[in-house]
K.L.:
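Right, I'll just put the structure down here and ask away after.
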Amino acid sequence: MASIVDKVAEKVGDLSLTGDKGPEVYVDEEKGSDEKGAGTVAAPYATAVHAMTVKGHDINILTRKKDAQEYQPITKSALKNVKKTVETNERKSKKAAEEAEKNAKTAAEAKAREERRIEESKKIVLVEDSSLPKPTRSKIEGLQPLREQRVRVFGWVHRLRQQKEMTFIVLRDGTGFLQCILAGRCAQTYDALILTTESTVELVGTVQPVPEGKTAPGGHELIVDFWRTLGAAPGGDDAFNNRFNEQSDASVLADLRHLTIRGETAAAVLHVRAAVLNAFRTTFVKHSLTEVTPPCMVQTQVEGGSTLFEFDYYGQKAYLTQSSQLYLETCLPSLGDVFCIQESFRAEKSLTRRHLSEYTHLEAELCFITFDDLMTHIENIICETIDVLLSDPRMAELVQMLNPGFKPPKRPFLRMDYRDAIKYLNDHGIQRPDEVTGEIGDHVIGDDIAEAAERQMTDQLNVPIFLNKFPKEIKAFYMKPIPGDPKYTESVDLLMPGVGEIVGGSMRIADMQELLKAYKREGIDPEPYYWFTDQRKYGTCEHGGYGLGVERFLAWLTKRWTVRECSLYPRWMGRATP
Ligand code: 4AD
């Protein structure tokens with residue numbers, strides 16, 4: 001144990017070390033502050049390391065641990081540690097400063113080099129070489145037969161990679177993608193240096209198959225010998241790639257739909273959509289249905305008043321059409337079986353992933369048929385349309401890209417009576433809230449099966465289902481009651497896994513008196529329907545038809561989460577922009 005004498009000696013040694021070497025600097029470990037302090041009694045520092053860093057090595061540090069204590073000269077050992085730390089810090093800062101200076105120099109040199117390069121680039125003017133073979137103007141999809149030849153293409157810079165001596169562009173023109181290589185003078189022009197994605201360009205060059213082992217869209221690339229920018233897209237903060245990304249808020253993506261449709265997935269869905277409409281038309285024509293174009297502005301309702309868009313222009317009540325069905329019925333005596341592909345409008349009050357307020361409605365009407373014929377027809381049209389679509393290799397590829405593993409559905413589709421569906425739901429514990437009490441319970445006959453329950457059942461069975469013969473009271477006024485079972489109707493919904501209902505159809509009341517009774521029962525004024533009623537007066541026939549929601553069909557086919565992805569500019573409650 002150290003004696004009193006030793007301790008005194010140590011203290012004296014300490015004092016002699018700090019002595020009166022320099023100005024006094026005060027450190028209060030409890031109340032001092034390195035940020036606000038000045039090293040004085042009134043404003044002490046908090047650490048000795050800071051004191052030495054700021055005031056230099058030749059100082060006389062007086063410290064105290066607690067505010068209430070007297071200041072004491074710093075001990076010898078503490079001072080040693082402080083010095084060590086300060087010296088280490090000083091070495092580090094010196095090194096960092098040297099590094100920063102070196103970096104700044106390198107950056108300045110690079111900037112100067114870049115500026116020289118830009119200045120040089122401005123002197124390079126590309127001229128189309130007229131001594132070369134004349135290029136053939138082509139869309140990207142038409143390049144295969146033009147391999148090894150000079151071509152001229154136009155499009156948008158979909159992707160861009162700039163290397164020192166080369167610029168790689170993936171060009172997009174709506175018909176496909178093309179890898180383009182700019183080398184030599186082509187990559188040295190000012191336009192090449194400042195090129196941005198989504199700029200429009202004109203490129204002339206030779207189409208070459210890609211070297212063995214490499215891949216590119218179409219299996220070839222364009223070796224460019226002349227090019228120019230037609231419309232430069234902005235860079236920096238306003239650059240296309242900075243406007244949105246996959247994580248952007250859904251409302252931002254909806255506002256920017258005009259830009260998001262340039263993306264590969266969105267464009268693929270729109271390409272498939274166009275081909276689906278063509279394929280349906282081909283199939284309808286093959287089945288001797290004639291296309292008609294009924295009006296969108298109407299004065300009659302088809303599917304109930306709650307979803308009608310009403311407007312006042314004609315000085316009489318008018319609506320945007322909910323369905324062209326009634327008009328199609330009037331075409332039967334004129335043209336025979338008919339179809340239309342027309343926008344329908346529904347003022348839907350709920351926001352679901354399968355409801356739009358404007359959607360593309362594909363409807364058909366057939367005369368002299370039975371209910372069974374109707375279902376077989378729907379099944380044939382859908383399956384044949386898918387066959388037509390997939391016989392185009394590009395569409396087969398896009399469908400597989402969007403919905404990997406997609407297989408066309410097998411015929412015949414499962415036919416399920418509404419009453420059996422209610423039993424299925426109850427047997428499988430798929431319940432619903434009671435309309436009045438809100439209590440969860442079993443389904444009962446008469447229920448309008450809700451979207452969630454319907455989808456659960458469809459997903460469990462995982463096949464297309466013709467859910468048919470719904471009760472009269474939950475269906476539209478025009479539906480034909482089942483002969484001998486008049487509380488139920490010859491009606492059918494086609495349910496698809498993942499989406500639910502994509503088709504709604506029925507046989508129609510063919511008898512005039514029966515139709516007049518139906519108007520009365522539903523409280524519909526027959527007057528505006530005079531033309532519809534006349535169909536029953538001048539040569540009636542058993543007939544039926546259906547409507548297919550094109551966006552729902554696409555959501556099923558391309559496995560999209562919502563129908564909003566399947567519409568060019570989707571509209572739903574609260575959204576009519578852009
Ligand atoms: O079942 P719905 O209401 O039937 C009719 O309109 C009949 N008049 C059609 C006819 O027989 N000609 O609608 C038919 C289909 C639905 O199965 C669904 O696919 C789609 O139209 N549909 C909608 N799609 C998107 N958004 C909405 N709000 C839709 N409402 C119906």
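Bear in mind that the values here come from a model prediction, so they are computed numbers and not experimental data. Indexing begins at 1, ligand by ligand and atom by atom, following the structure's order.
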K.L.:
With sequence neighbours left out, write down each residue that passes ring pair (Phe, Tyr, Trp, His ring centres under 6.0 Å) with Tyr319, or none if nothing qualifies.
P.N.:
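If we apply the ring pair (Phe, Tyr, Trp, His ring centres under 6.0 Å) test to Tyr319, skipping adjacent residues, there are no hits.
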K.L.:
Which pairs pass side-chain hydrogen bond (donor to acceptor under 3.5 Å, both in side chains) with one or both residues in residues 388-404, sequence neighbours excluded?
P.N.:
His271-Arg394
K.L.:
Considering both backbone and side-chain atoms of Glu363, is one of its nitrogen or oxygen atoms within less than 3.5 Å of a nitrogen or oxygen in ligand 1?
P.N.:
yes
K.L.:
Please write down residue, atom name and distance for the protein heavy atom closest to atom 28 (N) of ligand 1.
P.N.:
Leu356 O, 2.9 Å
K.L.:
Nearest to atom 5 (C) of ligand 1, what protein heavy atom do you find, and at what distance?
P.N.:
Glu303 OE2, 3.2 Å
K.L.:
Tell me which protein heavy atom sits closest to atom 11 (O) of ligand 1, plus the residue, atom name and distance to 0.1 Å.
P.N.:
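Result: Arg508 NH2, 2.9 Å.
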K.L.:
Are any of the N/O atoms on Val302, whether in the backbone or the side chain, positioned under 3.5 angstrom from an N/O atom of ligand 1?
P.N.:
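So ligand 1 has no N or O lying under 3.5 Å from an N or O of Val302.
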K.L.:
Quick one: which ligand 1 atoms are inside 4.0 Å of a heavy atom on Val503?
P.N.:
17 (O)
K.L.:
Of the protein's non-hydrogen atoms, which lies at the shortest distance from atom 19 (O) of ligand 1, and what is that distance?
P.N.:
Ile502 O, 2.8 Å
K.L.:
Cation-pi check for Phe168 against Arg161: NZ or CZ below 6.0 Å from the six-membered ring centre and within 45 degrees of the axis, yes or no?
P.N.:
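Output yes; distance and angle both within limits.
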K.L.:
Could you identify the single nearest non-hydrogen protein atom to atom 15 (C) of ligand 1 and state the distance to 0.1 Å?
P.N.:
Gly547 O, 3.5 Å
K.L.:
Any nitrogen or oxygen of Glu348, side chain or backbone, less than 3.5 Å from one on ligand 1?
P.N.:
yes
K.L.:
For atom 21 (O) of ligand 1, which protein heavy atom lies nearest, and how many Å away is it?
P.N.:
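Checking every protein heavy atom, the shortest distance to atom 21 (O) of ligand 1 gives Tyr359 OH, 3.1 Å.
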K.L.:
Near Met297 CE, under 6.0 Å, is it more than 12 heavy atoms from other residues, nucleotides or ligands?
P.N.:
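Atom CE in Met297 is not crowded, with 12 or fewer foreign heavy atoms closer than 6.0 Å.
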K.L.:
Students should be able to answer this: which protein heavy-atom is nearest to atom 18 (C) of ligand 1, and at what distance?
P.N.:
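The closest one turns out to be Arg552 NH1, 3.5 Å.
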